[in-house]
6 protein chains.
Amino acid sequence: MNGFACKNPAWVQANDFSFSGLHNPGNTGNPFGSAITPVTVAQIPGLNTLGISMVRIDYAPWGIVAPHYHPRATEIITVIEGSLEVGFVTSNPDNRLISKTLQKGDVFVFPVGLLHFQRNVGHMNAVTISALSSQNPGVSTIANVIFGSKPDISTNILAKAFQVDKNIVQQIQRKF
Amino acid sequence: MNGFACKNPAWVQANDFSFSGLHNPGNTGNPFGSAITPVTVAQIPGLNTLGISMVRIDYAPWGIVAPHYHPRATEIITVIEGSLEVGFVTSNPDNRLISKTLQKGDVFVFPVGLLHFQRNVGHMNAVTISALSSQNPGVSTIANVIFGSKPDISTNILAKAFQVDKNIVQQIQRKF
Amino acid sequence: MNGFACKNPAWVQANDFSFSGLHNPGNTGNPFGSAITPVTVAQIPGLNTLGISMVRIDYAPWGIVAPHYHPRATEIITVIEGSLEVGFVTSNPDNRLISKTLQKGDVFVFPVGLLHFQRNVGHMNAVTISALSSQNPGVSTIANVIFGSKPDISTNILAKAFQVDKNIVQQIQRKF
Amino acid sequence: MNGFACKNPAWVQANDFSFSGLHNPGNTGNPFGSAITPVTVAQIPGLNTLGISMVRIDYAPWGIVAPHYHPRATEIITVIEGSLEVGFVTSNPDNRLISKTLQKGDVFVFPVGLLHFQRNVGHMNAVTISALSSQNPGVSTIANVIFGSKPDISTNILAKAFQVDKNIVQQIQRKF
Amino acid sequence: MNGFACKNPAWVQANDFSFSGLHNPGNTGNPFGSAITPVTVAQIPGLNTLGISMVRIDYAPWGIVAPHYHPRATEIITVIEGSLEVGFVTSNPDNRLISKTLQKGDVFVFPVGLLHFQRNVGHMNAVTISALSSQNPGVSTIANVIFGSKPDISTNILAKAFQVDKNIVQQIQRKF
Amino acid sequence: MNGFACKNPAWVQANDFSFSGLHNPGNTGNPFGSAITPVTVAQIPGLNTLGISMVRIDYAPWGIVAPHYHPRATEIITVIEGSLEVGFVTSNPDNRLISKTLQKGDVFVFPVGLLHFQRNVGHMNAVTISALSSQNPGVSTIANVIFGSKPDISTNILAKAFQVDKNIVQQIQRKF
């Protein structure tokens, strides 16, 4: 309940608290031009109950991390290499976009549950390291949860929600 | 810190803990055909620190509550009148749609931070009462935060995220 | 730990998050003239860890919900039908009664752990829907915990606590 | 937010974290034959946000601490002098009385929000030291909140709740 | 999840919530001249999830409780017999020592995670009772974790950390 | 209370959520051969209530981060450049040292409140990025809180705690 190290003191070893390979670039050869390497309780069992996790993200020169949010965590991000546009949108009714172009060494915060995104605005690969305030933060990528759920959300609802023709909704759904 | 009633015991009165009018139908004459009447800490000051709030929703026969999520709360909903399709989508990587058609008297749960929606599938007005596990749950309606933020998220990012032509993105943005 | 939907994503189904029948009036043919229909983690397994629950209460024209409190939850209540006197009492040393007569559509809050009650003050049946800020709020009805515990609290203690004759204590204990 | 010592490190002094006099017997010359000396955030400002408090209780040979509960804390009690009957009652529907006679050096736990009481069952004064899991635990003494609230809970409700004649209710109310 | 008494109401008994012997002096015949008698979830299973525990400490006339901290709890201490010097040190950068000489009946608070110590400054045995804001507070005695860990922290690190010769480090390590 | 972005939505701007310069090496010209660049709520006001912070550490080839702990946070660390020995010590009674030599790209966890340290074991400068599970984690460096507090902890206590001669204690105290 109160910190993992006290639970099974005789069984714990260093490997329960470590992970290797965060220096390796991920493969950005995908439609979004980005690659995410998470280090959560799924990779480090010793993180259980400790309320924190880490992630490396690689961005091709044209890469983005599509708009998404973490249902259970705030994210703090720092740029290791490159130049990125980042932003988050506040909840209703204001829906203000709070955004900034980050350079190497800049740090930015995405508050818990708010939608955010990153985009490489430089000419070379970019790399970021983030930490999240949960050992199991979850991630909901908007395009996937809206247009790529299994089964689909009904076309009727999405057409009304986005105020577009059903054909356009179906066209997007086919991509996901 | 530990419960409002102990903070200013001499000043508190019944009106700090009450609100009137949740029986009144909201005006569903809008593009979504739904009306939301919240009762949060903004309406009842005495809710501060108490971790709960309530909301009434009215639905025209064709009305929806567009896909949205609450950054800081789980929602439990019950149908007072009518018949509704409801659903939520789990986070990555599964993005499963968990949905059900609810009748009068049915209760359903939307777990914290997960995207969900409601749609009137009957021929008459529908009414629901929900409670949320925060006095200040927040709500992020996807279409608004994505296509209606102030200022706009760049067309470039949204076109990549949804894998559609920039023209379609701009067409949707103009609606919000 | 951090939200049920992430625990067993492949096994979860809509029925884990739903309950039917909250529109059905409960049977108020009992000494208190009220009937309580709870929807907690005992009825909806998917509520586990999500920190919220719901309850319907029916009141005969002369019905009450006897003074009680929830050891682990704040309650927010709304009147669906009828007219009710409600109130809660602040803790020592003030013991102020904060009360109000509620009409249809009124909402009221009972802060966590404080004693409260409801009474039908109309001429017809009344109905309320409440939400509680725990999936397992618990309820301690004062008359039952004081005079109906198994085994009994000693007559000596109760006579001193209520400053009445032991005969009266025993007379009440026999009713519970 | 995260521990008092970090808030105003330059201003804090030892007196913000201390209290004197817990060895002094309280005056048990009252109808209950007990005296309570609390050490909460009201006595030690430095307890703020730290989630703990302490209390000394003295008992005349015939003294009791009348049935009560703490809306926001678990209590752990130890007997410094004397012999006490203590007990707590679980919530509905079981309402089990879990009780024990404690001797000097015994320790007992009253879980958060559950009704409990103490009674001196020895021939001499008794003394206990308790700790509570909140800097502001609150205390609701049942007899006071039920029969001594200001203003009174209506006789009608109490007569029904305790299933006694209104005359008896009024007779008890006059004592508080 | 929400309080032990609700988990297995039919199985719980008084012994799950009690412990005997806190009036017995501990054996202070050790290098530190102190003896610690804990009452945590390891001694009282019913404390699980309830967030509190208790401890008795005996001090020989020359006894100390060596500098230590609790990774998961605030401590509130009261002097039952004797006279003690106590203190805690705030975190970086100030490292202020907040200390006081306590007499019988004095109460003092050690905020969560801050290093603290106690020393008998009277001519007789001293006794204290403390409570901690966790059922499993943990204790890290500095000398033990620094110089007595298994295996040892490397002499090189400790010599640099304490800015002393390696010989002195090794000399201390041999004592633990 | 429930996430900063909702508090003053109209006033918030990107600078409330950002910090620059984490790519700049700190100055390791000090007795420990390390430099710490924190990014907590003191540097980014928007971190308030969000429960996370970040820190960059530089290590000279012979540098260490002396044994310390965070009173209110777990730390997750990743090696950006170089090779480090790291370890933490579990609390009493086991005081096990859980340690590992980390290479570039390795990740390690220091559980909340447990003493830990880092040492450069390569031939070049090393760099790490850590995240901590509090916006205000605090840090207590053992050598400083023990031998460098203002005022000093009495020599008598430290000599007993570390089982060394008072001269050695005073010799160390003079260094801090």
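- When each of V109(A), I129(A), V107(A) is checked for heavy-atom pairs under 4.5 Å with chain F, V107(A) comes out on top.
- Checked by atom type, the side-chain pair K166(F)/T155(F) shows no donor-acceptor distance below 3.5 Å.
- In this structure, the portions of I76(F) lying under 4.5 Å from any heavy atom of chain A include both its backbone and its side chain.
- The six-membered or imidazole ring of F147(A) lies near that of F162(A), with a centre-to-centre distance under 6.0 Å.
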* **Intermediate values then yes/no, salt bridge (charged side-chain N to carboxylate O under 4.0 Å, His left out), D58(A) and R56(A)** => CA-CA 7 Å; D58(A) 291 274; R56(A) 173 198 171 111; 2.9 Å; yes
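- In this structure, the portion of S99(F) lying under 4.5 Å from any heavy atom of chain A is its backbone and not its side chain.
- If you tally non-hydrogen atom pairs under 4.5 Å between each of E75(A), K104(A), Q13(A), Q43(A) and chain F, the highest count goes to K104(A).
- If you tally non-hydrogen atom pairs under 4.5 Å between each of I44(F), N15(F), T78(F) and chain A, the highest count goes to T78(F).
- Interface residue I80(F): only side-chain heavy atoms are found under 4.5 Å from chain A.
- In this structure, the side chain of H68(F) does not engage the main chain of I142(F) through any donor-acceptor pair within 3.5 Å.
- Side-chain atoms of T128(F) and Y59(F) form a donor-acceptor pair, as typed in the model, at a separation below 3.5 Å.
- Listed options A131(F), S53(F), S18(F) were ranked by heavy-atom pairs under 4.5 angstrom with chain A; first place goes to S18(F).
- For H116(F) and F88(F), the distance between ring centers is not under 6.0 angstrom.
- Per-residue heavy-atom pair counts under 4.5 Å with chain F were compared for S130(A), G113(A), A14(A), and the maximum is reached by A14(A).
- Judged by distance alone, the side chain of N120(F) and the main-chain N or O of M124(F) form a donor-acceptor pair under 3.5 Å.
- Top candidate by heavy-atom pairs under 4.5 Å with chain F, chosen from G51(A), S133(A), A73(A), is S133(A).
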